[in-house]
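Just so you know, these numbers come straight off a predicted model, no measurement behind them. In each ligand, atom 1 is the first atom listed, and ligand 1 is the first ligand listed.
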Amino acid sequence: MHHTSLIATIVAGLGLAFVFGALANRLKLPVLVGYLLAGVIVGPFTPGYVADQELAPQLAEIGVILLMFGVGLHFSVKDLMAVRKIAIPGAVVQIAAATVMGVGLAVALGWGWGAGVVFGLALSVASTVVLLRALQERRLIETDRGRIAVGWLIVEDLAMVLALVLLPALSGLMGGTPPANASGGLLMTFAITIGKVVAFVAFMLIVGRRVIPWILHRIAHTGSRELFRLAVLAICLGVAFGSAALFGVSFALGAFFAGMIMAESELSHQAANETLPLRDAFAVLFFVSIGMLFDPMVLLREPLAVLATVLIIVVGKSLVAYALVLAFKRPQSVALTISASLAQIGEFSFILAGLGVSLKLLPADGRDLILAGAILSILINPLLFAWLDKAMVKVTAKEAVEPVAAAAQPHAVLVGYGRVGKAVAEGLKNRTPLVVIEDEGDRAIELREAGFEVVQGNAVRPEVLMQAGLDKATHVFVAVPSPFEAARIIEQARAANPDARIVARAYTDADVDLLTQMGATDALIGEQEIARGMLQRAPRRAPPPATAH
Ligand code: AMP
């Protein structure tokens, strides 16, 4: 027979995901629900067509690689270091707590403690795909909360990479099958694992950091968009695969590092956009492949155990995360976002479950429970976020907004860091303390990296303006393109500070009227300033009669 199973799997996966996704959308359910259902239908537990169970998870893995690559592209080493104080203890304590809860449930179900540890670890790690989709939909990735959530997840992923490598070695101790070639002690295995991860990171930081930007630059100069796209993909997939093959690091972690290194080059924006469509398509296949693993009968066979599993994931883990974030003195809005983001499980859990079963540590029932818990928690997650959106309005209204540090002294405020704002910021650099308000995440990051004090958010919102400390501002430069937004910003700025000099960007005489009426001291029209600039370059007075030098 002709070998078309790869084509059939992709066609069935994307086709059914589209049909059920559209249906879910029609019923006002998250489209994810449709993708999962499509998976259940092409899975082995329902009658009819069964997609290839070897190929589907591999296709899903490509989705995970592209997603983690995208995360890396938006995540600099600096960002990771900035959140380490909360992300590392947070992830570690949360993993420990979830593992304890898992052991508790396992013992109650009559499994051994070894099974409990695997079960608990699987419940402790959130899915990258689910978390990123939720954050992306709400444009939270570039925010403080988003960065903590992603950093937290990366620490969890790192811990799971360790767990995956150590489990086979520890299996004998934990009541499963001992490793076949048990050469060397436990300490040795541990040291080798850590050594490999360190070697990989060092390799990427020393070699990758030089080679990858160099390749991208060369290709960008050829002017071929197609080649550039191909270069980005080849580097992303190549590093992911190579890191797994050579260093035993997970695909996802390899891709993350490839992205993080590319993020340092100015071409990263373009690189991110080139991989978007492919990433979305493969993320869909990821959800379909999870659906395929699910045996719906487990819901009838063990309803109570399923319920307990879901409660650990959605309630237990959330409460721990919530308490931890508050213990780190972060505001409630941050605590709520982190809890909701991590209240689900996904790809790593399945890998762990699969390994546990093959080591005879985890009973097959355990894997079914993990799958049921994953699917149900992924289904519940969008609802949790919808609830969060509502709660957030109340919480942020109550939270006192603290002005940023530079706002304590007399300073200038610049709104908008685009073509106009950038030049203003550079010019003000050594003249006055400056706080910049910028709505767009990437630009805010760029600003921070350039050493400016930044408030990220739409300056029309009162709490954003408040953070910039308007009452102590001597100057406010409103460099946003929309005169209507500018008018609202100026109105609030003037109300907060009657004395500041407010300078605004305008296009027409009507804009100038509106903006000065709202309280602007000066409103400058672009064309007139260009004319002024041209005149500055004009001869000062009539040229003197030509004399030879
Ligand atoms: P440009 O038109 O190139 O000067 O860019 C304008 C910049 O202002 C962009 O970086 C926008 O993200 C930013 N911007 C536009 N509107 C707002 C707003 N309401 N609050 C904060 N930043 C804004």
Output a table of donor-acceptor pairs, distance under 3.5 Å, between side-chain atoms of residues 226-235 and any protein atom two or more places apart or on a different chain; print 'none' if there are none.
from   : atom 1 : to     : atom 2 : distance (Å)
Arg229 : NE     : Glu274 : OE1    : 2.8

Quick one: side chains of residues 517-528, donor-acceptor pairs under 3.5 Å with protein atoms, not counting sequence neighbours, listed by atom name and distance.
from   : atom 1 : to     : atom 2 : distance (Å)
Thr521 : OG1    : Arg494 : NH2    : 3.4
Thr521 : OG1    : Ile502 : N      : 2.8
Thr521 : OG1    : Ile502 : O      : 3.4
Asp522 : OD1    : Arg501 : NH2    : 3.2
Asp522 : OD2    : Arg501 : NE     : 3.0
Asp522 : OD2    : Arg501 : NH2    : 3.1

Can you give the donor-acceptor pairs under 3.5 Å from side chains of residues 415-428 to other protein atoms, not counting sequence neighbours?
from   : atom 1 : to     : atom 2 : distance (Å)
Lys422 : NZ     : Glu446 : OE2    : 3.2

In terms of relative ring orientation, are Phe257 and Phe200 parallel, tilted or perpendicular, with 30° and 60° separating the classes? perpendicular
Just checking Phe484: does its CZ atom have more than 12 heavy atoms from other residues, nucleotides or ligands closer to it than 6.0 angstrom? no
Which atom pair, heavy atoms only, marks the closest approach of Gly21 to Val31? O-CG1, 3.5 Å
Give the residues near ligand 1 by chain and number, with the criterion being a heavy-atom distance under 4.0 Å. Gly416, Tyr417, Gly418, Arg419, Val420, Glu438, Asp439, Glu440, Arg443, Gly457, Asn458, Ala459, Val480, Pro481, Glu485, Arg505
